[in-house]
Amino acid sequence: MINLSHYQQIFDIENTAERCKKVSETMDQLWKSNLEQLAGELLEKDYRIATYGQTLMTTYYDSLNPKYAEQKKETNIGKKYFAQITRKIADKEIVLLTLEFNGIERQMYVYTELSFYQVNALIKNGQLSFNLSKLDDDIKTFTRTSSFTRNEIERSMLEQELSAMVGPRTRPWIFFGLAIPMEGSCAIADILNMLKYVWEQTTALRNYALEDRKQRVRAANVMDLIAEVATPYPVTLFGHSYQIYYGAIETEKSGDRKQGFTLKREGQTIVQGTFYYGEHNERRGLNKPVLAVDVAGSNHIYAKISVLLGDNRKEWWLQKSFKMMNQDNEALKLRAFDLLKQHGIPTRNDNEYLMGTYINMEQRFEENLEVIKGRFACAALLFAHVNGRGNFKFPEPPVQNIAETDDNAMIDENSVEIIEYNSNFDFTVIYEAIQDSSLTFDKDLIRDLHLNLTALDDKHFVILSGISGTGKTQLAKLYANAVYGLSYEADNPYLSIIPVRPDWTDGTALFGYYSSFERQYIMTDFLKVLMHAHKEREKPHFIVLDEMNLARVEYYLSDYLSGVESHKDIPLHNRADLDEIPTKISIPPNVYLIGTINVDETTHSISDKVLDRAFVMTLSEVDLETFWSRIDDGIREGLQNEFNILKSLHSLLAPYYLHFGYRTMKEMIQKLSHHLTLDIEHQISRTDMLDRVISEKVLPKLKGDDRIGELLGELKEDFTRHLGEGSTSLGHIIRMEKELLRYGATQFWR
């Protein structure tokens, strides 16, 4: 006999360690062996007995460990015990029958379980009522509300109750069986007879669960075949060549999987999408394995796997319809199917298109899997183009007038040349273009900038930091022009350099705002770039926020950072009379943001929120030798001595991060050179002129505390040697030495 009241007393033990140990010693071996014997009678083979025993003993030992003891004090573990007969199908165990002693609810349960999705499928196909009608009146139905609690539902109300759970997305397990109060005594044979009784009563439900699992394994194989394709897929859309790249497969908590894909052209991200491989339709609560494809956050393909499953060869025809508000959906559908035909995807009846042919006996597709997956991606992209959701459109070639293409037509020699801008993110091409310029940047720096801007498909944000004059803005412009094959001096319509103002305090500085006073939307250069980037998704658009930390970056850039991170739209206004300005806008993946910052007393520090979302590069190295080699030969020959002195000065300042950049060096050289073009009677000595440019361009930024004492000594020796004891620069250094000795700090400015 089993004393159920004694079981309840064990569950009521307050000490977790003692309770878990007692439950394990009293129940685990006993019920494991009894269910083993019962399963042998019912199934003979292909089963496993699973129990709560392992959890009980793990908790027991954790409770004795000081490291975990405190967190195990209040746990409910050990207040129930269960033993189950299970069967493994593929990688998942299906619970066929459960015996549970529940100390929280003070009940003994014997039940078969089905998932919410399985029961809802029975509701949808009209079989639930039929299956329930075969159960005896004493077989109850429960839904699980937690690991330790159940909620009984009247059998006649089950369909209504579950239907009400679809909207709120409540997805409990459903139990069919007996509930006995945990009191008094009960013979083991009687409990085993209860198990046999529930087993017989729920045969149809259990067989349905097993068959459903087998079907889902077959469906999962179909999705696995497609998911495992990782090779980039070349495709031609609207006459342009693209590449589709597939990302890594991610598994969500629900067990469903997703895999991002990116459409690129010559390295530029055009748009991103996602493949979803799901066992269920979570939103509708349906038990139907599906492969869904979205583009720019909007779903465009919803392919049921069940239509492929059977004994024979099955063609995978998918249906497509449009349900856009305020649009001619029939016209959209006809347009979409016309595009499918143009791009080699078979169609029929103007509402179905073919993905592939599956051979069930061999569990494989007839077609190349890369082609099948490519068809899914291409069809979704074409559907996105047609309905325009996500602000995504392909550039379609214009319809040409025959007269305009007549080879014998007269050419107007005075006509304006139309420049075609083609981008290319090939690093070799970019590096060679930069090398051909007159500016000086080493390969490591260019490579880092290239990788920082292009490594992420949907987020391109780089901050260039460094001393003034190291060429941060020049580098940004040089790179953007190199992507388009333009020289540094050329005008690039896809590059906008926007100076940041100190009074920028919120997102309106970038995204504009509606002015009630002026009765118009105040447009910004930043917003213009975003709107243009949406229209020309194939063209990378570069924005340089120059001296971006003159204002607090996290204030005015927060909307942008949030939009990039969440892929959600940024609201602009809510007016119906602004046709040219959208009510909201997203950050497309063809926008590349580069910010330049200087760090001094006039600027703000960058918050972690911003730094976490950007690659930060420091431009502190200045290659004066390469810079000098690119100076005009005549200037180099005439000013070699002055350059050597300036280079020596630079090397003295560099260890203290007080050195100067290319701009300062260039301007000093230009002044020295221009001085030599004056008539001889108007010139001063070359040493005096060098002294002046140093005191005007280098020394004004000189400041510091005791740490620059040694530097001042070195500068005094250097200036004495090269500029003379009466030089202005030397005089400043002597004064600063005295101030440092007296006050502990000094600066050029008095």
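These figures come from a predicted structure and were not determined experimentally.
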Asks: What heavy-atom pair brings Thr347 and Trp317 nearest, and what distance separates the two atoms?
Replies: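 Taking every non-hydrogen atom into account, C-CZ3, 3.8 Å.
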
Asks: Does anything in residues 219-230 form a salt bridge (charged side-chain N to carboxylate O under 4.0 Å, His left out)? List the pairs, not counting sequence neighbours.
Replies: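 Found Asp224-Arg257.
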
Asks: Is any side-chain heavy atom of Val610 closer than 4.5 Å to one of Ile463?
Replies: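 SC-SC contact between Ile463 and Val610 confirmed.
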
Asks: My understanding is that only residues two or more places apart in sequence, or in another chain, count here; which of them pass side-chain hydrogen bond (donor to acceptor under 3.5 Å, both in side chains) with Arg144?
Replies: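 Scan of Arg144 (side-chain hydrogen bond (donor to acceptor under 3.5 Å, both in side chains), adjacent residues dropped) gives none.
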
Asks: Sorted by first residue and then second, give each salt bridge (charged side-chain N to carboxylate O under 4.0 Å, His left out) pair with at least one member in residues 294-318; sequence neighbours left out.
Replies: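 Those involving residues 294-318 are Arg313-Glu366.
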
Asks: Identify, with sequence neighbours excluded, every residue that meets side chain to side chain contact (heavy atoms under 4.5 Å, CB included) alongside Phe427.
Replies: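 Per chain and number, Phe427 pairs via side chain to side chain contact (heavy atoms under 4.5 Å, CB included) with Tyr431, Lys443, Ile446, Arg447, His450.
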
Asks: Starting at CZ of Arg375, measure out to OH of Tyr233 and round the result to the nearest 0.5 Å.
Replies: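 These two atoms lie 7.5 Å from each other.
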
Asks: Ala227 and Lys373: which non-hydrogen atoms are nearest, and at how many Å?
Replies: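 That closest heavy-atom pairing would be O-NZ, 3.4 Å.
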
Asks: Would you call Leu593 and Leu557 a side-chain contact if the rule is heavy atoms closer than 4.5 Å?
Replies: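 Result yes, sub-4.5 Å side-chain heavy-atom pair found.
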
Asks: Are there over 12 heavy-atom neighbours, none belonging to Phe238, within less than 6.0 Å of that residue's CZ?
Replies: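 For Phe238, atom CZ is crowded (more than 12 foreign heavy atoms under 6.0 Å).
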
Asks: Can you tell me how far CG of Leu545 sits from CG of Asp525, rounded to the nearest 0.5 angstrom?
Replies: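 It is 11.0 Å, given to the nearest 0.5 Å.
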
Asks: Determine whether Phe511 and Leu530 satisfy the following criterion, side chain to side chain contact (heavy atoms under 4.5 Å, CB included), listing intermediate values before the conclusion.
Replies: CA-CA 9 Å; Phe511 294 94; Leu530 294 188; 3.5 Å; yes

Asks: Using side chain to side chain contact (heavy atoms under 4.5 Å, CB included) as the criterion, list what pairs up with Asn125, not counting sequence neighbours.
Replies: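 Asn125 satisfies side chain to side chain contact (heavy atoms under 4.5 Å, CB included) with Leu122, Gln127 once adjacent residues are dropped.
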
Asks: Looking at residues at least two apart in the chain, or sitting in another chain, which of them share a side-chain hydrogen bond (donor to acceptor under 3.5 Å, both in side chains) with Asp457?
Replies: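 Asp457 satisfies side-chain hydrogen bond (donor to acceptor under 3.5 Å, both in side chains) with Thr262, Lys264 once adjacent residues are dropped.
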
Asks: Residues in ring pair (Phe, Tyr, Trp, His ring centres under 6.0 Å) with Tyr302, at least two apart?
Replies: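 With sequence neighbours excluded, Tyr302 shows a ring pair (Phe, Tyr, Trp, His ring centres under 6.0 Å) to no residue whatsoever.
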
Asks: Output the distance between atom CG (Leu382) and atom CG (Asp338), rounded to the nearest 0.5 Å.
Replies: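 If we round to the nearest 0.5 Å, Leu382:CG and Asp338:CG are 10.5 Å apart.
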
Asks: When you compare the side chain of Leu340 with that of Lys320, does any pair of heavy atoms fall below 4.5 Å?
Replies: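 Result no, sub-4.5 Å side-chain heavy-atom pair not found.
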
Asks: If we ignore angles and hydrogens, is there a donor and acceptor under 3.5 Å between the side chains of Gln259 and Tyr246?
Replies: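 Their side chains do not contain a donor-acceptor pair, so the 3.5 Å distance test is not met.
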
Asks: Identify the residue among Val229, Leu291, Ile249 that makes a side-chain contact (heavy atoms from CB on, under 4.5 Å) with Phe275.
Replies: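 By the side-chain contact (heavy atoms from CB on, under 4.5 Å) criterion, Phe275 pairs with just one of Val229, Leu291, Ile249: Leu291.
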
Asks: For the pair Asn351 (side chain) and Gln319 (backbone), establish whether a donor and an acceptor sit closer than 3.5 Å, ignoring hydrogens and angles.
Replies: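 Checking the backbone N and O of Gln319 against the side chain of Asn351, no donor-acceptor pair under 3.5 Å is found.
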
Asks: Would Val483 and Ile430 satisfy side chain to side chain contact (heavy atoms under 4.5 Å, CB included), going step by step from the backbone distance to the final call?
Replies: CA-CA 6 Å; Val483 167; Ile430 293 172; 3.8 Å; yes

Asks: Going by heavy atoms in the side chains, are Ser306 and Lys288 under 4.5 Å from each other?
Replies: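 Sidechains of Lys288 and Ser306: no contact.
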
Asks: Please name all residues satisfying side chain to side chain contact (heavy atoms under 4.5 Å, CB included) with Glu279, sequence neighbours left out, ordered by chain then number.
Replies: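 Listed in chain order: Arg213, Arg216, Asp256.
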
Asks: Is there a donor-acceptor contact under 3.5 Å from the side chain of Arg218 to the main chain of Lys214?
Replies: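 Checking the backbone N and O of Lys214 against the side chain of Arg218, no donor-acceptor pair under 3.5 Å is found.
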
Asks: Is it the case that atom CD in Glu580 sees more than 12 heavy atoms from other parts of the structure closer than 6.0 Å?
Replies: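 Not buried by this count: 12 neighbours or fewer within 6.0 Å.
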
Asks: Which of these, Phe615, Tyr479, Phe425, sits in a ring-ring contact (aromatic ring centres under 6.0 Å, His included) with Tyr592?
Replies: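 The passing option is Phe425.
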
Asks: Of the non-hydrogen atoms in Tyr353 and Ile345, which two are nearest, and what is the gap between them?
Replies: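 Smallest interatomic distance, heavy atoms only, reads CB-CG2, 4.3 Å.
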
Asks: Measure from the side-chain N and O atoms of Thr524 to the backbone N and O of Leu510, and report whether any donor-acceptor pair falls under 3.5 Å.
Replies: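 Yes; judged by distance alone, with no hydrogens or angles, the pair exists.
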
Asks: Evaluate side chain to side chain contact (heavy atoms under 4.5 Å, CB included) for Phe116 paired with Val166, printing each intermediate quantity in order.
Replies: CA-CA 10 Å; Phe116 173 88; Val166 173; 4.1 Å; yes

Asks: Please check if the side chain of His343 supplies one atom and the backbone of Leu339 the other of a donor-acceptor pair under 3.5 Å.
Replies: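 Such a contact is found between His343 side chain and Leu339 backbone.
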
Asks: Among pairs that include at least one residue of residues 351-360, which meet salt bridge (charged side-chain N to carboxylate O under 4.0 Å, His left out), considering only residues two or more places apart or in two chains?
Replies: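 Non-adjacent pairs meeting salt bridge (charged side-chain N to carboxylate O under 4.0 Å, His left out): Arg348-Glu352.
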
Asks: Is there side-chain contact between Val295 and Phe261, with heavy atoms separated by less than 4.5 Å?
Replies: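 Val295 vs Phe261: side chains touch.
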
Asks: Identify the heavy atoms of Cys378 and Ile244 that sit nearest to each other, and give their distance.
Replies: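 Here Cys378 and Ile244 meet closest at SG-CD1, 4.1 Å.
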
Asks: Could you check whether any side-chain N or O of His385 sits under 3.5 Å from a backbone N or O of Phe394, counting only pairs where one atom can act as donor and the other as acceptor?
Replies: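 Yes.
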
Asks: Kindly write out the residues that satisfy side-chain hydrogen bond (donor to acceptor under 3.5 Å, both in side chains) with Thr357, not counting sequence neighbours, or none if the list is empty.
Replies: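 Per chain and number, Thr357 pairs via side-chain hydrogen bond (donor to acceptor under 3.5 Å, both in side chains) with Glu367.
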
Asks: Quick check against the 3.5 Å criterion: does Arg171 have a side-chain atom that pairs as donor or acceptor with the backbone of Met165?
Replies: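 The answer is yes, because a donor-acceptor pair under 3.5 Å joins these two groups.
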
Asks: Decide yes or no for Ser586 and His534: does some side-chain heavy atom of the first lie under 4.5 Å from some side-chain heavy atom of the second?
Replies: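 Yes; the side chains approach each other to less than 4.5 Å.
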
Asks: My understanding is that only residues two or more places apart in sequence, or in another chain, count here; which of them pass side chain to side chain contact (heavy atoms under 4.5 Å, CB included) with Ala336?
Replies: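 With sequence neighbours excluded, Ala336 shows a side chain to side chain contact (heavy atoms under 4.5 Å, CB included) to Phe322, Phe383, Val386, given in chain and number order.
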
Asks: Under the 3.5 angstrom rule, does the side chain of Tyr358 hit a backbone N or O of Trp316 as a donor-acceptor pair?
Replies: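 No, Tyr358 side chain to Trp316 backbone: no donor-acceptor pair under 3.5 Å.
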
Asks: For a 4.5 angstrom cut-off between non-hydrogen side-chain atoms, does Gln268 reach Arg537?
Replies: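 Contact flag for Gln268/Arg537 side chains = no.
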
Asks: Rounded to the nearest 0.5 Å, what separation is found between the CG atom of Leu369 and the CG atom of Leu225?
Replies: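 One gets 5.5 Å once the value is rounded to the nearest 0.5 Å.
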
Asks: First locate atom CG of Leu162, then atom CG of Asn120, and finally report the distance between them rounded to the nearest 0.5 Å.
Replies: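 Between Leu162 CG and Asn120 CG, I get 7.0 Å after rounding to 0.5 Å.
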
Asks: Hey, mind stepping through Tyr117 and Asp212 against side chain to side chain contact (heavy atoms under 4.5 Å, CB included) and telling me if it holds?
Replies: CA-CA 10 Å; Tyr117 298 98; Asp212 173 70; over 6 Å; no

Asks: Rounded at 0.5 Å granularity, tell me how far CE in Met531 sits from CZ in Phe526.
Replies: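 Separation between the atoms: 13.5 Å.
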
Asks: For Glu161, what residues pass the side-chain hydrogen bond (donor to acceptor under 3.5 Å, both in side chains) criterion, not counting sequence neighbours?
Replies: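 Once residues adjacent in sequence are excluded, Glu161 has no partner under the side-chain hydrogen bond (donor to acceptor under 3.5 Å, both in side chains) criterion.
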
Asks: Test your reading of the model: is there a side-chain donor-acceptor pair from Asn590 to the backbone of Lys539, 3.5 Å cut-off?
Replies: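 Side chain of Asn590 to backbone of Lys539, a donor-acceptor pair under 3.5 Å: yes, one is there.
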
Asks: Distance-only, no hydrogens or angles: does the His460 side chain make a donor-acceptor pair with backbone N or O of Pro589 under 3.5 Å?
Replies: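 Confirmed, His460 side chain pairs with Pro589 backbone.
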
Asks: In terms of relative ring orientation, are His532 and Tyr494 parallel, tilted or perpendicular, with 30° and 60° separating the classes?
Replies: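 Taking Tyr494 first and then His532, their aromatic rings sit tilted (interplane angle of 30° to 60°).
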
Asks: So does Leu308 get a backbone contact from the side chain of Asn360, meaning a donor-acceptor N/O pair under 3.5 Å?
Replies: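 Yes.
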
Asks: Less than 4.5 Å apart, side chain to side chain, heavy atoms only: is that true for Tyr521 and Leu572?
Replies: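 Heavy-atom side-chain distance check passes, below 4.5 Å.
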
